[in-house]
Amino acid sequence: MAAKKSRPAEYPTLKNYKPTRFMLPDSHYDKMLADRAVRFIENLCHTKGRWSGKPFWLLPWQEQIIRDVFGVVKEDGTRQFRTAYVEIPKKNGKSELAAAIALYLLYADNEPSAEVYGAAADRQQASIVFDVAKRMVEMTPALLKRSKIMAATKRLVNYSNVGFYQVLSAEVGTKHGLNVSGLVLDELHAQPNRNLVDVLTKGSGDARTQPLYFLITTAGTDRNSICYEYHTKAKDILEGKRIDPSFYPVIYGLDDGEDWNDEKAWYKANPSLGYTIQIDRVRDAHREALTNPAEENVFRQLRLDQWVGSAVAWIPEHIYDKGDIPIDTASLRGRECYCGLDLSSTSDITAFVMVFPPLHEGDKYIVVPHFWLPRETLDLRVRRDHVPYDVWERQGLFHVTEGNVVDYNFVRKTINDLNKEFNIKEIGVDRWNATQLITDLEGDGFTMVPIGMGFKDMSPGMKELYKLLLEGKIIHGGNPVLRWMAGNVVAEIDAAENIKPSKKKSTEKIDGIVAWIMGLDRAIRQEQQGSVYDDPDHGLWVF
C-alpha cells in the first residue's frame, strides 16, 4: 500500500497508549503487529460526507481498540482476544471502523484462504458495512488491483490469498459449516434471537489459528435479548465481576442513573463528538427529546447508548388537550375527508376515524371518530376492564350492534350513511385485514387503500400526528373515547428512529388512534401528491 501520509495537526492522536488491563499474565503487547494494523487502516480512506476521500485517521478510541485487539498476543504469537464487543452510540464511525477491520482480516491478517463474513439482522443492514468496505477498496489502488468486487452478491475476493468477504443473509439454517476466520456483525441489538450469533461464533472458527468475531452495536431496548446478554457480560468484565480472557469489552454510553440532559455526559458517551458528530446536531436532537417522550427514548438509546425500554408513552395529556375545541359537525357537511378503518376482531372495538383537511391556510385538521362494540359483551367489558363503555354508549359515543360480535353489515351501513353527509375520498385500512367488509365497501364505490402496520407505513403518519398535535393544528373535540385511547398508546421504535403504535404493548385499546393515523396519512399524502394513483407506496385494492 502507499506510504502513510502525515496526520493533520488538528486531528487528535492516541497519546501514551497503554495496553488493555485485560491482558493475561503470559500475554504481551506486540507493537509491530499493532502498528501494522493501524498503518493498514490509516492507508484506507473515509467514504462518506465531508470526510470522503480523506485518509482514515483513527480517533484515539478507535486506535485503542485496534492496538488492543491486534497487538495483544499470547505466548505462541496468536491474538489473545477472539471476540470484541463494541457498544457505542450512532454516528461515531462504527461502520467505517467495522469495514476497515473486515478488510484487514481479508488482506493483511496473513490468513490463508481467509473467510470473512458480514452479518446483521437482515442482509440490507449487513450490506451497510460491506458497501463501505467496497468503496474503501475502490479508493485504494493497492487493494483494488488484487481484488474482484462482486457487488450483486455482496462478495469481495482477494486474489492474493484466495480469500473473500461475504455478506450473509439472516437465515440461520444455511450458515452451518462455515470456516470463519473473521466475522463483522453489525447492530447486534436488532437480532430477534440468539440463533444466528451462536451459529457464527460457536465452533465456526475452530479450524482457524486466530479467528476474530467483531460485534458492534448501539444499545437496544430488549433486556431479554442476545445483545443484552453480551452487554451484561462486557459490563461485568469491565467492572471486574467476571473474567474471560478471550473477550474484549468496549462500552461507550451512560449508565441508567446518569443525567441524559448533561452535555458533559454526551462527550463521555460519544468519543467522536466534535469530529464525526457535531455538537449542534446533538443539541437539536435533545431539544426534540424534551418535548416528545418517544424522541426522548430514541435520543437516550441511539445518541447516549442507554438501554431504555421500547415501551414509550406517546402523547402527554397537555399536548393532546390542545385539540379539545368544540366541533360544529354541521359545518363539515359536504366536505372532503380521508378516513382510517381499524377492524380489529369482530368481538372487539371497530374504529372509523374521519379526517377533514384544512380548507384554507391557517385552518386546522378536524377529526370525527366512530366506534362499534357488540351489545352482549358490553357489561362484561365494563366490569372486566373498568372502562365506562356503558356511559359512553348513553352519550352516543359508541355504535352498539346486537349479538356478541360486531355486525360488520351495520358498520358498512353507517359508513355509507356518513358518505351521504360527507364526501369520503379514501379509506385507509390494514392491508392484512382483507375481510368481506372491505370487499363490500369497495363494491359500494369506496376507494380502499391498504396500509401496513409496520414501521415503514405507520411511522410517517404517526410522527405527523404528534407534530400537528404539538403545534395545535388538530381539532378533535375532546372525544372521551379517543382521548382514552390516546392515553393508552405505547410507541415502538426501531434502529432507524421509525415509530409505530404497539397494540401488544399498549396498556389498553388504541384502535381509534390507529385509524386516526391511517386517515391522516391519506389526507397528507393527497395534499402532497394530488392523487392516490401518484403514490408509489400504496396501490389501490382491486377485488
Side-chain angles (χ1 to χ4, degrees), residues 10-22 49 51 56-69 81 84-98 101 186-189 214-221 223 227-228 230-242 247-290 292-293 295-310 312 493 495 497:
E10 70 275 10
Y11 213 89
T13 59
L14 178 63
K15 298 176 182 178
N16 303 318
Y17 165 75
K18 294 181 180 179
T20 175
R21 70 180 190 271
F22 304 116
W51 301 96
F56 187 179
W57 303 116
L58 291 167
L59 290 168
W61 72 271
Q62 295 171 321
E63 186 172 344
Q64 180 76 41
I65 292 173
I66 297 302
R67 289 192 176 278
D68 285 347
V69 169
F81 299 110
Y85 175 81
V86 180
E87 186 181 304
I88 191 167
K90 63 182 290 188
K91 302 303 181 185
N92 277 278
K94 67 181 181 66
S95 294
E96 302 270 325
L97 180 63
I101 288 174
D186 192 21
E187 298 296 12
L188 179 61
H189 76 89
F214 190 78
L215 315 179
I216 193 159
T217 187
T218 54
T221 59
R223 299 195 181 215
C227 186
Y228 195 71
Y230 272 84
H231 166 87
T232 302
K233 180 177 181 177
K235 206 167 182 333
D236 286 349
I237 292 173
L238 288 167
E239 294 174 355
K241 299 176 181 177
R242 190 187 307 193
F247 191 95
Y248 180 73
V250 177
I251 298 178
Y252 282 98
L254 302 189
D255 293 328
D256 291 343
E258 291 189 79
D259 183 6
W260 63 276
N261 296 298
D262 183 2
E263 275 201 19
K264 293 179 183 177
W266 301 352
Y267 284 89
K268 172 192 172 185
N270 294 275
S272 298
L273 190 54
Y275 298 97
T276 64
I277 311 169
Q278 299 307 310
I279 187 64
D280 288 347
R281 300 292 179 87
V282 185
R283 286 171 180 157
D284 289 344
H286 179 251
R287 276 193 292 272
E288 286 189 44
L290 290 175
N292 186 339
E295 293 295 334
E296 175 187 328
N297 273 19
V298 171
F299 179 82
R300 292 171 60 192
Q301 177 196 348
L302 301 182
R303 294 283 188 177
L304 302 179
D305 201 60
Q306 282 189 311
W307 281 78
V308 293
S310 61
V312 181
I493 307 165
E497 303 184 33

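By the neighbour-count criterion of 12 heavy atoms within 6.0 Å, atom NZ of Lys91 is sparsely surrounded, having that number or fewer from other residues, nucleotides or ligands.
Using a 4.0 Å cut-off between charged side-chain N and carboxylate O, Glu187 and Lys94 make a salt bridge. Of the charged side-chain nitrogens involved, at least one lies within less than 4.0 Å of a carboxylate oxygen, so that Asp255 and Lys235 count as a salt-bridged pair.
How far OH of Tyr228 is from CG of Leu188: 14.0 Å, rounded to the nearest 0.5 Å.
Using a 4.5 Å cut-off on side-chain heavy atoms (C-beta onward), Trp57 and Thr13 make no contact. Proximity of His286 to Phe299: side-chain heavy atoms (C-beta onward) are separated by under 4.5 Å at one or more points. Side-chain contact between Leu58 and Leu97: present, with at least one pair of heavy atoms (C-beta onward) separated by less than 4.5 Å. Looking at heavy atoms from C-beta onward, Glu263 lies out of side-chain contact with Val282 at the 4.5 angstrom threshold. Looking at Asn297 and Ile493, their side chains come closer than 4.5 Å, going by heavy atoms from C-beta outward. Taking 4.5 Å as the limit, some side-chain heavy atom of Trp307 sits within range of a side-chain heavy atom of Cys227. By the 4.5 Å heavy-atom criterion applied to side chains, Arg21 and Leu238 are counted as neighbours. Side chains of Tyr85 and Lys233 form no contact here, defined as non-hydrogen atoms less than 4.5 Å apart.
Closest approach of Ile277 and Lys90 over heavy atoms only: CD1-O, 3.8 Å. Scanning both residues, Asn261 and Asp259, for their nearest heavy atoms gives N-OD1, 2.9 Å. Nearest approach of Gly253 to Lys268, heavy atoms of both residues: O-CE, 3.7 Å. Closest approach of Leu273 and Gln278 over heavy atoms only: CD1-C, 4.2 Å.
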Take Tyr230 and Leu215, measure what side chain to side chain contact (heavy atoms under 4.5 Å, CB included) needs, and give me the verdict at the end. CA-CA 9 Å; Tyr230 272 84; Leu215 315 179; 3.4 Å; yes
Could you walk me through whether Ile216 and Asp186 pass the side chain to side chain contact (heavy atoms under 4.5 Å, CB included) check? CA-CA 5 Å; Ile216 193 159; Asp186 192 21; 3.7 Å; yes
Yes or no on side chain to side chain contact (heavy atoms under 4.5 Å, CB included) for Phe22 and Phe247, after CA distance, side-chain angles and deciding distance? CA-CA 9 Å; Phe22 304 116; Phe247 191 95; over 6 Å; no
Output, in order, the C-alpha distance, side-chain angles, deciding distance and verdict of side chain to side chain contact (heavy atoms under 4.5 Å, CB included) for Ile66 and Ile101. CA-CA 8 Å; Ile66 297 302; Ile101 288 174; 3.8 Å; yes
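Within the 3.5 Å criterion, the main-chain N or O of Ser272 finds no donor-acceptor partner in the side chain of Asn270. Arg242 places no side-chain N or O within 3.5 Å of a backbone atom of Ala234 that could act as its donor or acceptor partner. At distances below 3.5 Å, not a single donor-acceptor pair connects side-chain atoms of Gln301 with backbone N or O atoms of Val308.
Every residue two or more places apart in sequence or in another chain that forms a side chain to side chain contact (heavy atoms under 4.5 Å, CB included) with Lys241 is listed here: Asp236, Glu239.
Counted by atom type alone, Tyr248 and Asp68 present one or more donor-acceptor pairs between their side chains at under 3.5 Å.
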